[in-house]
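All residue numbers in this chain count up from 1 along the given sequence. Values in this document were obtained by computation on a predicted structure and should not be read as measured data.
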Amino acid sequence: MTALDRTHQPLPVLTRPPAGDLPPEFVPLADEASVEEKDRHWYVTAYQGDRMPQLTVRAVLTGGLIGALMSVGNLYSVMKVGLSFGVAITSCVLSYVMWNLLRTASAGRVGQLSILENNCMQSTASAAGYATGGALSVTFAALMILDPAHRQQPSWVIATFTFITAAMGVFLAIPIKRHLINEAQLPYPSATAAAATLRSLYGRTGESIKKAYGLLIAMGVGAVSGVLSTAEDQFALLGRFFGWMRAHLIDVHLADQLPASGFAQLGGKPMVGFGFEPGLLTIGLGMIIGLRVSLSMLAASCALYFFVAPWLHGIDAASGGVAGYVVSIPAVRGGTMYHPLRWALWGGTSVLVFSSVTTLALHWRTVGRAFAMLRRPRTARTLDEFERTMQSIEVPGSWMIAGVVPLAIAMVVLLAIAFGVAWWAGLIAVSMCFVLALVGARASGETDLSPMGAMGKIMQLLFAVIAPPAAVGAPLSVSQNVMSAGAGINSAMSAVELLSDLKTGYLLGANPRRQFLAQFAGVFVGTLVCVPAWYLLVPNYAALDKYPVPAAQIWVAVARALTGGLSSLPPSVLYAILIGAGIGLVLSLLDKVLPKARAWLPSAAALGMGWVVPFSVSLSFAIGAAILTIWRRTLPRSEGTYSIPVASGMIAGESIIKALLAMLATAIGLMQ
């Protein structure tokens, strides 16, 4: 155990089980229990943070190395296809394999990382590999496209913006963690899968070995699914393999969607995402998410695709000749497809925002406890030994204040100097960071999907309203629109990803204060790697023009459309926002007032996400949840042993192979 690990000595306040190689299986208390009861149960049942190494030099260095490699892959992947891949599970497995090889090569002189060291490594890798890249591949790509001169920003501007937004997310996660993980016990499916993966890798009991075999088999099946669903033109060798199999045996390549034209058409044209998307990752997520959330998402998607979109399209068709009319359901891809989500995201995001804010207001005491350390001199005498122990384990609110205040000032100054954002608009952008992080974290905690794309459009709309082109001029309005929204979204993305790692640590019994330090270290690594990689990939606009940058193009389209203010949006959008706000508010209140009926109420976050993600995602989630439900009712003993490992294996196998393929594509792209 290194000096880094000696940050807390536990007080002898509770009877703890004997030390073992692994934390015991942790089963949280029911929702009705108080947060104090849940904390005490977690401390007795799961906490291992002072009983094995966690925050060590080798864990942080390993996480920095893996995160650095994956950050470049994510940077390239977002510019190429508009998607980024998860870092947590991939980094855990890669680290485990790496240190096993080192142990074998050294004849046992080099030991394997402990399970909590691996979890700490995961936090560093996530901060370096995921939390820092979004600022570059979306925000600055959009800004370069919108700039009439297509100028590349100075390195100090990009590096400072990247570090500030990523670090802000680390500090914003402090109070949200207490609310969503300790008290609400949200599942965070990928985080649960990461914890199950680590337990299976490190398990030595007969039960653990059975789970490990189940996970490894599912990982293999998931990896095969990931390869077979890869685009034929991504790798020449893979394309030739698919062609040979199609010509001589059977077609093994998994189509993007079944049926190809979708389940139904709109005005004779298919709708984006209205089909079944082959792949095991989303089915595995559905198995962990459960039936209530999955069915809520599917119900919202069905309402949109089967009823609302056709109704609005009929209104669009009838109003086609009206001057100045803005269509609700736009056509995309050269007019060959309709995209209902371009309209629905406004209402879905409204549900997410108002449900999250309402829930936070109803549980304000829990968030307030995150700042208890600020009052420590006054309250220390009244705390019992367990409360003092928990305060020494959790990240204190004073750390958040010490981090957020200087970062907020630096962000406002940077936005003003580099992009001409008014100081008051910069303050609004900073204040929105917490709201966006809360909304994203709650949605991700329930559905494993982050609505940051949709939230970005809401932020762009907000700044188009408060800084309209008529008041500040079109160029400055667009710059404020993009960079203020980018500051909020990138901070929130960082917080959401790191909260997922904190959930994994919570399940494994890790010390959250040490995880925080590992995450903060990863921000430095990610900034040092991502910024030079950005300039290597995009030295000028001519280089950027070779990439599709689909996510940045959406920001560009929204920024240009909003130069006309609210009048540039369909009138139906305003009604969707109001109705979504009402739904989010009412469901959150019912969830609080009628806790016993919670299982029968739809999830507000899931309803909102059902209008943000394609129908194909909601369908796969529901299929996974249905499989788990049938399994549980027919073979309950088998389900209790294998369901989480199998679901985690499918998620891990497909996500790891997709990440490795993306990193390989990055290497090939850099060599060309």
query: Taking side chain as C-beta onward, heavy atoms only, is T282 less than 4.5 Å from E277?
result: no
- prompt: Under the 3.5 angstrom rule, does the side chain of S296 hit a backbone N or O of P602 as a donor-acceptor pair?
  reply: no
query: Looking only at heavy atoms, what is the nearest atom pair of V525 and G64, with distance?
result: CG1-O, 3.5 Å
task: Find the distance between CE (M297) and CG (L607) and round it off to the nearest 0.5 Å.
output: 10.0 Å
query: Rounded to the nearest 0.5 Å, how far apart are CG of N119 and CG of D501?
result: 7.5 Å
- prompt: Looking only at atom types and distance, does a side-chain atom of K503 sit under 3.5 Å from a main-chain N or O of G445, one as donor and one as acceptor?
  reply: no
task: May I ask you to decide if L601's main-chain N or O and R292's side chain share a donor-acceptor pair within less than 3.5 Å?
output: yes
- prompt: When rounded to the nearest 0.5 angstrom, what is the spacing between CG in L304 and CD1 in I329?
  reply: 7.0 Å
message: Per the salt bridge (charged side-chain N to carboxylate O under 4.0 Å, His left out) rule, what does the pair list look like for residues 238-250, sequence neighbours excluded?
response: E232-R246, R246-D251
query: How far apart are the C-alpha atoms of M493 and T165, what are their side-chain angles, what is the distance that settles it, and do they pass the side chain to side chain contact (heavy atoms under 4.5 Å, CB included) test?
result: CA-CA 9 Å; M493 285 177 61; T165 54; over 6 Å; no
field: Side-chain (S620) to main-chain (I283) donor-acceptor, under 3.5 angstrom
entry: no
query: Do the side-chain N and O atoms of W99 and T62 include a donor-acceptor pair separated by under 3.5 angstrom?
result: yes
field: For G286 against S294, the heavy-atom pair lying closest together
entry: O-OG, 4.0 Å
- request: Compare all side-chain heavy atoms of S618 with those of V613 and state whether any distance is below 4.5 angstrom.
  value: yes
- request: Look only at the side chain of S225 and the backbone of V221, and say whether a donor-acceptor pair between them is shorter than 3.5 Å.
  value: no
query: Atom CZ in R632, atom CE in M287: separation rounded to 0.5 Å?
result: 9.5 Å
Polar side-chain atom of T124 near backbone of A518 as donor-acceptor pair, under 3.5 Å: yes
query: CG of L65 to CE of M121: how many Å apart, nearest 0.5 Å?
result: 10.5 Å
task: Kindly indicate whether the side chain of Y188, heavy atoms from C-beta on, has any atom under 4.5 Å from the side chain of L502.
output: no
message: Once ring-ring contact (aromatic ring centres under 6.0 Å, His included) is applied, do any residues pair with H313, and if so which ones, sequence neighbours excluded?
response: Y338
message: For the backbone of G440 and the side chain of S444, can you confirm whether one donor and one acceptor N or O come within less than 3.5 Å of each other?
response: no
task: Work out which heavy atom in M271 is nearest to a heavy atom in A309; give both atom names and the distance.
output: SD-CB, 4.4 Å
- request: Give the minimum heavy-atom separation between L508 and I115, together with the two atoms involved.
  value: CD2-CD1, 3.9 Å
task: Determine, stepwise, if the pair V293 / F621 fulfils side chain to side chain contact (heavy atoms under 4.5 Å, CB included).
output: CA-CA 9 Å; V293 171; F621 277 16; over 6 Å; no
task: Give the ring-plane orientation class for F615 versus F306, where under 30° counts as parallel, over 60° as perpendicular and anything between as tilted.
output: perpendicular
field: Flag side-chain contact, heavy atom, 4.5 Å: P310 against L266
entry: yes
- prompt: Quick one: does Q515's side chain have a donor or acceptor within less than 3.5 Å of a partner on A510's backbone?
  reply: no
- prompt: Any side-chain heavy atom of S301 within less than 4.5 Å of one from L619?
  reply: no
message: Would you compute the distance between atom CG of L101 and atom OH of Y96 and round it to the nearest 0.5 angstrom?
response: 11.0 Å
- prompt: Just by modelled atom types, is the A300 backbone N or O under 3.5 Å from a matching donor or acceptor in the W611 side chain?
  reply: yes
field: Which atom of V646 lies closest to which atom of A218, heavy atoms considered
entry: O-CB, 3.3 Å
Note, Y202 side chain near N118 side chain (heavy atom, < 4.5 Å): yes
- request: Would you indicate whether the side-chain heavy atoms of W534 and C530 approach each other to under 4.5 Å?
  value: no
message: Do Y506 and Q185 have side chains that approach each other closer than 4.5 Å (heavy atoms only, starting at C-beta)?
response: yes
query: Where do Y305 and L341 come nearest, in terms of heavy atoms and distance?
result: OH-CG, 3.9 Å
